[in-house]
Amino acid sequence: MDAPQKSISKTNNQEIEYASNKPMITQEGARGFMWEVSHNGTRVYLVGSVHVTDGNFYPLHSKYEKAFAEADYLGVEVDVTKAPDKEQQKIMKDMMKYKDGTTLKEHVSKETYAKVEDFLIKNGLKSNAYDTLKPWWVDGDISRMALEAGDNTEKGVDLYFLQKAHERKVSVIELETHASQMGVLASLSKELQEKSLTATLDKYNSGFINDEVDELLDTWKKGDDQALLKMHDIVTDSEFHKAMHTDRNIAMVDKIEGYLNSNKEEVYFIVVGALHYPGEHGIVKLLQDKGYTVVRK
């Protein structure tokens with residue numbers, strides 16, 4: 001494969017130098033993904049987050065800092081700086097574990113279980129360490145371990161602004177809860193949970209999990225709407241797409257619309273995963289369908 005040529009791209013009065021398929025910020029941060037919507041004096045900034053970043057991600061473009069400086073509220077999926085309360089912890093524990101005396105081995109194929117055992121042994125853990133846990137939880141834990149072993153270990157956009165909000169005493173509102181997010185995964189069919197688990201194991205073994213994150217980070221830095229939409233559309237399983245995107249997006253838009261109709265003339269700075277914004281059932285389109293004008297920043 002030929003080495004990529006170096007080129008200069010100008011976006012929103014910023015210069016980004018691309019070399020070796022990795023964008024290097026030469027001025028004041030990448031474009032990223034931010035929209036603005038207003039109604040009756042209330043303004044909402046919609047920011048697309050990536051939950052982990054690399055060492056070349058910050059500082060953010062000044063437009064984010066300027067918008068956040070106006071904010072009366074920071075909205076996030078969940079406040080990851082706070083632990084779930086005892087009630088949520090109990091709900092989460094009940095969702096992640098088998099309570100009928102069965103084990104993971106009895107709920108997945110021999111081939112899938114062998115891959116799980118192999119993963120655990122390679123990581124210095126007991127081969128039965130996941131036996132009491134359901135596939136959706138095992139899937140997430142393997143993804144977490146893969147990310148922690150990779151290069152993308154810097155704080156994500158949501159945590160970045162959460163820390164700033166706590167420093168500046170900006171009120172934080174949650175659009176979801178830890179338990180509700182886990183509930184989405186726990187509600188997936190047994191077949192889809194195993195399918196996702198085996199896909200994650202295969203990606204882990206090939207190193208592709210971190211490749212996907214690298215692609216998302218590059219897309220964010222470039223502010224490439226079409227590339228973001230393409231990444232969103234990769235998910236073709238209707239059950240997964242409905243649970244992870246469509247239903248959650250509708251619920252989040254309902255809350256955002258509530259902020260827009262608060263008649264308080266306040267500013268909301270909403271930070272949720274970037275992949276929740278594009279597409280026919282994305283947050284941007286859902287707001288537009290409700291009659292709001294959503295402006296790309």
Side-chain angles (χ1 to χ4, degrees), residues 1 3-34 45-68 74 76-81 123 139-167 199-200 202-232 234-235 269-278 297:
M1 180 182 294
Q5 295 184 345
K6 184 183 295 184
S7 63
I8 298 292
S9 172
K10 290 188 177 180
T11 307
N12 273 13
N13 298 319
Q14 65 191 17
E15 288 188 354
I16 302 177
E17 181 179 61
Y18 297 100
S20 302
N21 290 329
K22 295 284 184 180
M24 180 178 71
I25 310 308
T26 59
Q27 286 190 4
E28 60 158 334
R31 185 185 184 200
F33 298 98
M34 182 164 71
Y45 290 103
L46 302 167
V47 177
S49 176
V50 282
H51 300 308
V52 292
T53 57
D54 58 28
N56 192 35
F57 196 84
Y58 297 100
L60 298 176
H61 191 284
S62 61
K63 66 184 179 182
Y64 293 97
E65 304 293 353
K66 290 176 181 177
F68 184 67
L74 168 66
V76 291
E77 293 175 33
V78 295
D79 185 347
V80 294
T81 65
N123 284 276
D139 185 0
D141 199 53
I142 291 171
S143 295
R144 177 189 59 79
M145 290 177 66
L147 290 172
E148 289 178 351
D151 297 326
N152 301 309
T153 57
E154 301 295 321
K155 60 186 175 186
V157 177
D158 44 357
L159 180 55
Y160 175 84
F161 282 110
L162 275 165
Q163 291 175 338
K164 283 188 172 292
H166 294 318
E167 290 167 5
T200 296
D202 291 341
K203 289 177 184 178
Y204 176 86
N205 290 328
S206 66
F208 191 59
I209 289 177
N210 280 286
D211 289 345
E212 287 182 326
V213 176
D214 287 341
E215 182 181 359
L216 179 57
L217 292 179
D218 286 352
T219 296
W220 200 99
K221 292 172 185 177
K222 297 172 187 176
D224 189 333
D225 296 272
Q226 291 303 312
L228 187 68
L229 177 61
K230 184 177 180 181
M231 292 188 72
H232 172 272
I234 286 174
V235 178
F269 192 88
I270 306 296
V271 183
V272 301
L275 291 172
H276 286 288
Y277 290 102
K297 305 300 286 183

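As the structure is a computational prediction, the values presented were derived from the model and not from experiment.
Centroid-to-centroid, the aromatic rings of F68 and F161 come within less than 6.0 Å.
Of the possible polar contacts, one joining the Y58 side chain to the K155 backbone as a donor-acceptor pair under 3.5 Å is found. Listed for the Y204 side chain is no donor-acceptor partner under 3.5 Å among the backbone atoms of A199. Between the side chain of D141 and the backbone N or O of R144 there is no donor-acceptor pair closer than 3.5 Å. In this structure, the side chain of K297 does not engage the main chain of K63 through any donor-acceptor pair within 3.5 Å. A distance-only check finds no donor-acceptor pair linking the side chain of D79 to the backbone of L162 [under 3.5 Å].
Screening L275, V271, I270 for a side-chain contact (heavy atoms from CB on, under 4.5 Å) with S49, the sole residue that qualifies is V271.
The closest side-chain heavy-atom distance from E154 to L217 is not below 4.5 Å. In this structure the side chain of H51 never reaches within 4.5 angstrom of the side chain of L147, judged on heavy atoms. Taking 4.5 Å as the limit, some side-chain heavy atom of T81 sits within range of a side-chain heavy atom of H166. Counting heavy atoms from C-beta outward, F208 and D202 have side chains that stay 4.5 Å or more apart.
Looking at every heavy atom in both residues, L228 comes nearest to T219 through N-CG2, 3.6 Å. In plain terms, the two heavy atoms of L159 and V80 that are nearest each other are CD1-CG2, 4.2 Å. Across all their heavy atoms, D225 and R31 have their closest contact at OD2-NH1, 3.9 Å.
Taking the six-membered ring where tryptophan is involved, the planes of F33 and W220 are perpendicular, since the angle between them exceeds 60° and thus also 30°.
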